[in-house]
Amino acid sequence: MSRPELLTVARLAPFLMEPLQAAFTVHDRLHESLLDNDTSAFATAAPRIRAICGSGESKVGADLLAQLPALEIVSIMGVGYDGVDVAACKARGVVVTHTPDVLNDDVADLALALMLDVARRIPQADRHVREGRWPQGNMPLARKMSGARLGLVGMGRIAQAIAQRALAFGMSIAYTARSAKPALPYAFHATPAALAAASDFLVVITPGGAATRKLIDATVLDALGPKGYLVNVARGSVVDESALIAALQKGTIAGAALDVFENEPHVPEALRAMDNVVLTPHIGSATSATRQAMADLAFENLAAHFAGRPLPSPVPECR
Ligand code: NAP
């Protein structure tokens, strides 16, 4: 039997591309040729494409779906799938899968690292030494993290891994989410603003998409206050970036550490210019071990679908 045809919608790492190429006829980002007005190759292949494989940042919109009449499955290598129009997929009977859990440790590790970075000013301290400024004087004193109040916006898989780590730092933990989790020993606040008012570190770890767009706005930042730090490891869309820049410039909050941005990979000059900000380029899950585990799970979802086996990790809407 001929191999199923698959479209990639991200530049995928070799450790995913190689197994894909062994099992599928892969059209590597062929739809992007549309941007160059070269529609012929894509138009020829499109009616035969039965699978899409992409990353957490991939866009799979209704326009692309409409061009793929034989599509059966979208496999995302990432836990967030806010770029996928899941409603349009479901309406067409297309199943969507993602890679939850295998990245919890790495994203939680990064969240704690960013909290320490912004409070203890570790990137600035590194620059202080490298740039030969130490002989002229010591760094200004920084902020203690152990024992501080952590507020988690979201209390899902990754947030719970962050909370476990924060307990080892003697932090008190509170959270907001769509619903309270009575089984967890943490205080629930009904809104991000109420949580921010009770937090020293506000860490954002919800999904992206329309439901959480600008959930962290000027009101929440005001509530966090001039001694509070914002850490975003969720999606850039969850934070009102203009309001954040204004809050940092005015001293409404003490600082921010950001792994995600509204318009990646472009980061506003205003953020890059500020000294009370730590910036990383969306590296939450970016270790070799975790990316391999994510690739294996993304591949296994595709393999299971075409072998008629139960899918390991469909998104909640497709269960
Ligand atoms: P999860 O287990 O589904 O948890 C999501 C949490 O967000 C849940 O507690 C949920 O509340 C809460 N939530 C959803 N909508 C909300 C809203 N409108 N207001 C308040 N809370 C809301 O997801 P996860 O596995 O922890 O992953 C979370 C997200 O992290 C992903 O979707 C992705 O965007 C991001 N992420 C980023 C990186 C990175 O590289 N920086 C890596 C991996 C993941 P309920 O529990 O009440 O439903």
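Atoms within a ligand are numbered from 1 in the order they appear, just like the ligands themselves. We count residues from 1, following the sequence as given.
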Quiz item: For atom 35 (C) of ligand 1, what is the nearest protein heavy atom, given as residue, atom name and distance?
Solution: A234 O, 3.6 Å

Quiz item: How close does the nearest protein non-hydrogen atom get to atom 12 (C) of ligand 1, and which residue and atom is it?
Solution: G154 CA, 3.9 Å

Practice problem: Look at the side chain of T206 and the backbone N and O of G154, then say whether any donor-acceptor pair between them is shorter than 3.5 Å. | Solution: no

Self-check item: Aromatic ring pairing H31/F42, orientation class (parallel under 30°, perpendicular over 60°, tilted between)
Solution: tilted

Quiz prompt | Closest to atom 4 (O) of ligand 1 among G156, A211, A161, A177 (heavy-atom distance) | solution = G156

Quiz item: Is E262 paired with R213 through a side-chain N to carboxylate O contact shorter than 4.0 Å?
Solution: no

Exercise. Give the residue and atom name of whichever protein heavy atom lies nearest to atom 2 (O) of ligand 1, and the separation in Å to one decimal.
Key: R157 N, 2.9 Å

Quiz item: Looking at atom 42 (C) of ligand 1, what's its closest protein heavy atom, distance included?
Solution: V107 CG2, 3.4 Å

Quiz item: Who gets closest to atom 10 (C) of ligand 1 by heavy atom: E57, K181, H282, R178?
Solution: R178

Quiz prompt | Salt-bridge present (D105, R165; N to O < 4.0 Å) | solution = yes

Quiz item: What protein heavy atom sits nearest atom 30 (O) of ligand 1, and how far off is it?
Solution: I205 CD1, 3.1 Å

Quiz prompt | atom 19 (N) of ligand 1: nearest protein contact (heavy atom, Å) | solution = L215 CD2, 3.8 Å

Quiz item: Between the candidates L103, V153, V233, T191, which shows the shortest non-hydrogen contact distance to atom 37 (C) of ligand 1?
Solution: V233

Quiz item: Would you say R92's side chain and L65's backbone share a donor-acceptor pair under 3.5 angstrom?
Solution: yes

Quiz item: Heavy atoms only: which of P207, A286, A210, P100 is nearest to atom 7 (O) of ligand 1?
Solution: P207

Self-check item: R50 and E5 ion-paired at < 4.0 Å
Solution: no

